[in-house]
Amino acid sequence: MLGAAGALCCLAAGTALGSWMRLRRMARLNMLRSALDMINAMRLMLETERLSLPELLEGCADYAGAGDGAEVIRKRFLHTARQLRQEPLEGLFSAYAFACAQSAAVWEQEEEKTALETLFTQLGSGTAAMREQAAAACLRRLKPVCEKAQAEAEKGGRLCMQLGILLGLMAGIALW
């Protein structure tokens with residue numbers, strides 16, 4: 001019916017669909033990697049500089065990577081800092097919960113939610129040394145989660161690409 005050009009268009013569309021699905025699977029990994037980078041920067045800033053919490057969060061946001069997931073975690077840190085500046089008596093955890101509501105991530109799982117909520121609960125009180133320990137503990141919790149997410153994203157991403165190509169090829173053959 002459509003000939004060779006139609007078959008190639010179907011193959012290209014299937015490949016594009018597989019690529020899009022692969023990128024969506026990578027969003028969680030991007031978010032975790034950015035969170036690790038930002039929390040590592042936070043730990044270093046807590047060791048070397050004396051910043052207020054909003055300044056600390058804004059400084060950490062500069063270390064976010066690129067991609068959908070990284071943008072979500074960067075926005076959360078910036079929203080939290082902004083909320084702390086507007087409502088300083090509200091508390092850090094409440095500001096973070098508000099920021100999570102403002103920039104939700106459908107791919108976020110309970111493991112990283114719990115680790116980040118624990119971090120923001122502990123950052124809200126204590127000395128700079130206690131805050132640095134809280135950041136280090138969060139890093140220890142998130143590293144295995146990130147490694148697991150990387151393995152899942154690579155395996156699932158490859159599968160999505162293959163299925164997209166196969167779907168496009170089947171549609172192209174059916175419409176030829």
Side-chain angles (χ1 to χ4, degrees), residues 19-157 160:
S19 179
W20 179 79
M21 289 170 49
R22 180 180 165 268
L23 288 175
R24 297 304 301 165
R25 292 187 67 87
M26 295 293 286
R28 178 175 181 237
L29 180 60
N30 287 339
M31 186 180 92
L32 287 168
R33 284 180 177 165
S34 286
L36 285 172
D37 291 343
M38 292 166 64
I39 294 168
N40 199 26
M42 177 186 294
R43 190 177 60 95
L44 293 173
M45 285 183 210
L46 285 168
E47 285 178 2
T48 59
E49 301 176 33
R50 300 290 179 235
L51 302 170
S52 68
L53 284 174
E55 291 171 337
L56 176 69
L57 295 173
E58 289 167 350
C60 292
D62 293 337
Y63 290 90
D68 291 341
E71 188 61 27
V72 167
I73 197 76
R74 187 182 78 73
K75 283 181 181 178
R76 283 185 184 175
F77 273 54
L78 292 175
H79 283 308
T80 303
R82 188 175 316 119
Q83 189 68 16
L84 278 175
R85 288 188 195 281
Q86 292 174 353
E87 302 289 334
L89 298 177
E90 182 177 313
L92 183 61
F93 181 74
S94 297
Y96 179 70
F98 176 78
C100 287
Q102 295 294 316
S103 55
V106 296
W107 55 81
E108 186 176 31
Q109 294 184 3
E110 197 61 37
E111 299 166 308
E112 53 262 27
K113 278 183 186 178
T114 304
L116 290 170
E117 286 173 355
T118 302
L119 171 67
F120 278 90
T121 300
Q122 294 172 346
L123 280 178
S125 62
T127 64
M130 292 169 67
R131 291 176 178 169
E132 189 270 328
Q133 289 175 352
C138 186
L139 285 172
R140 284 191 302 273
R141 278 187 223 112
L142 285 179
K143 280 184 183 177
V145 173
C146 185
E147 291 169 359
K148 181 181 165 188
Q150 181 175 358
E152 290 174 0
E154 288 173 358
K155 182 180 176 185
C160 287

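Throughout, residue positions are numbered sequentially from 1 according to the sequence presented.
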Do [X] and [Y] come close enough that some side-chain heavy atom pair is under 4.5 Å?
X: T80; Y: L53; result: no
X: T118; Y: R141; result: yes
X: Q109; Y: L32; result: no
X: Q102; Y: Q83; result: no
X: E55; Y: M45; result: no
X: R85; Y: E58; result: yes

### Task
Evaluate side-chain hydrogen bond (donor to acceptor under 3.5 Å, both in side chains) for H79 paired with R82, printing each intermediate quantity in order.
CA-CA 5 Å; H79 283 308; R82 188 175 316 119; 3.0 Å; yes
#### Entry: Nearest-0.5 Å distance, CD of residue E147 to CG of residue L29
11.0 Å
### Task
Would you please test T127 and E132 for side-chain contact (heavy atoms from CB on, under 4.5 Å) and show each step?
CA-CA 9 Å; T127 64; E132 189 270 328; over 6 Å; no
## Note on the structure
Closest non-hydrogen atoms of S34 and G65, given as atom of the first, atom of the second and distance, are OG-N, 2.9 Å
### Query
Considering all heavy atoms of both residues, which atom of L84 and which atom of P54 are nearest to each other, and what is their separation?
CB-CG, 3.9 Å
### Message
Over 60° means perpendicular and under 30° means parallel, so tell me whether Y96 and F120 are parallel, tilted or perpendicular.
### Response
parallel
### Residue pair N40, R43: steps toward the side-chain hydrogen bond (donor to acceptor under 3.5 Å, both in side chains) verdict
CA-CA 5 Å; N40 199 26; R43 190 177 60 95; 3.1 Å; yes
